[in-house]
Amino acid sequence: MVSFPGSKMRGVGTFISRPLPFLLLHFTLLKCDITDGNVEHLKREHSLMKPYQGVGSSPSSQWDFWGSTLVTSSYVRLTPDERSKQGSIWNTVPVHLKDWEMHVQYKIHGSGKKNLHGDGIAIWYTKERLHPGSVFGSNAKFHGLALFIDTYHNDEAADRSFPYISAMVNNGSLPYDHGNDGRTSELGGCSSEIRNKDHDTYLAIRYSKGRLTVMIDIDDKNEWKECIDIGGVRLPTGYYFGASAATGDLSDNHDIISMKMYQLMVEHAPDEDSLDWTKIEPSVSLLKSPKDNIDDPTGNFRSTPLTGWKVFLLLLCALLGIVVCGVVGAVVFQKRQERNRRFY
């Protein structure tokens, strides 16, 4: 668990040019790769904050909204606590940063009792924007990154505690599967009791040098807890940030209080700087595809049941192992026999 001193400006990993005395005093902070979200690197054109100026449909607006979304002076309500509602809010300015961190302050609450509420919020960094669909009010076959704050358990056969936060990277070829709560495409996740809190809850999404890290603070104690940490993630520049939510037969209020975007000051190798980052295909370098995974009760992944080829390879390896052990055993036995003869 990570504790940030001082303000509510939460963050992970911004390096700021400071005088030497400052660096010495804060050496531990920098060594831990932690920052307090310094305002010098707040990107206001990608941030949604009270009193929500620049939100609307005018040509100069930096945020646009759709559906049941209601913008007030205190929050942006994506859906009210009513059935069959969808709403979203999207940044109109594409992000041209290679390394960034998004802080989301949100609140999910309603009159529904335990397991009688839904569906949740999605935070997006995608090529498409304002594209309504079946995944928390947005498009199922998206290009980019999605973070799902899922409050309803669709797959009762899976042993997983809800609400559940998970991440997915997609190149438009794989739809999010609501029926199994996205487990077949999930990169990682954690359970989190974020609903009907007396205070706001917080989420930090950090993407830097191919690593995706998600931290949560659900107790409003200015302390982060790691939820997701995975390397090998490739995301292009030029995509858009957004948030969406949906209700079905069950409902909740889904509120966004703020979305604060920070630029991370990170050096890249010359060959990386020379790349056209707008042409990068969203992907994740895994030993196996997320589609070949199923979840276990802890929320982690294990392999699916063995296919015919996997069984064949496993038996072949076992047979080779037996042969090798037999040869080694025969050689050792023969040497012992020869040594024993020398003593007679």
Side-chain angles (χ1 to χ4, degrees), residues 46-48 52 55-57 61-72 75-95 102-110 117-152 154 162-170 172 174-178 181-182 185-186 189 192 194-195 200-203 205 214 235 239-261 282:
H46 302 303
S47 297
L48 177 70
Y52 309 117
V55 176
S57 58
S61 298
Q62 294 178 335
W63 292 82
D64 200 0
F65 58 91
W66 168 87
S68 60
T69 302
L70 174 66
V71 181
T72 74
Y75 53 81
V76 175
R77 178 154 293 169
L78 300 176
T79 72
D81 190 2
E82 299 174 9
R83 294 180 177 182
S84 303
K85 298 293 183 180
Q86 291 186 349
S88 65
I89 188 164
W90 287 88
N91 191 200
T92 63
V93 184
V95 176
M102 173 62 80
H103 295 186
V104 182
Q105 182 180 356
Y106 67 100
K107 189 176 181 68
I108 300 177
H109 57 106
H117 50 265
D119 286 328
I121 294 176
I123 308 298
W124 306 91
Y125 175 68
T126 58
K127 182 179 181 180
E128 309 85 1
R129 54 177 297 273
L130 285 176
H131 192 163
S134 59
V135 181
F136 300 93
S138 197
N139 184 23
K141 288 189 174 182
F142 59 93
H143 293 76
L145 168 69
L147 197 78
F148 303 114
I149 308 171
D150 193 350
T151 59
Y152 182 72
N154 289 290
F162 276 69
Y164 191 83
I165 300 173
S166 64
M168 176 180 176
V169 171
N170 199 1
L174 185 65
Y176 176 87
D177 189 350
H178 257 303
D181 300 311
S185 55
E186 175 191 326
S192 180
I194 45 86
R195 187 176 175 272
D200 298 336
T201 45
Y202 300 85
L203 186 74
I205 310 167
V214 178
L235 295 174
Y239 281 17
Y240 298 90
F241 277 108
S244 68
T247 64
D249 292 335
L250 303 174
S251 62
D252 255 339
N253 296 303
H254 297 99
D255 299 342
I256 298 291
I257 289 84
S258 69
M259 296 177 67
K260 297 179 181 179
M261 165 72 166

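Basis for what follows: all heavy atoms, side chains included, without hydrogens, waters or symmetry-related copies.
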With Asp252, which residues qualify under salt bridge (Lys or Arg N to Asp or Glu O under 4.0 Å), at least two apart?
Arg195

With sequence neighbours left out, what residues match Asp255 under salt bridge (Lys or Arg N to Asp or Glu O under 4.0 Å)?
Arg77

Is any side-chain heavy atom of Pro282 less than 4.5 Å from a side-chain heavy atom of Leu145?
no

Please list, chain by chain and in numerical order, all residues satisfying salt bridge (Lys or Arg N to Asp or Glu O under 4.0 Å) with Lys85, sequence neighbours excluded.
Glu82

Can you measure from OG1 (Thr247) to CG (Leu78) and round to the nearest 0.5 angstrom?
11.0 Å

Would you mind reporting whether Met261 and Asn91 have side-chain heavy atoms less than 4.5 Å apart?
no

Criterion side chain to side chain contact (heavy atoms under 4.5 Å, CB included) against His131, the qualifying member of Glu128, Lys127, Arg129
Glu128

Are any non-hydrogen side-chain atoms of Val95 and Tyr125 less than 4.5 angstrom apart?
yes

When you measure from the side chain of His254 to the backbone of Gly120, do you find a donor-acceptor pair of N or O atoms at a distance under 3.5 Å?
yes

Can you label the angle between the Phe148 ring and the Tyr176 ring as parallel, tilted or perpendicular, going by 30° and 60°?
tilted

Sub-4.5 Å side-chain heavy-atom contact between Asp181 and Tyr164:
no

Run through Leu203, Thr201, Asp200, Ile121 and flag the one making a side chain to side chain contact (heavy atoms under 4.5 Å, CB included) with Ile194.
Thr201

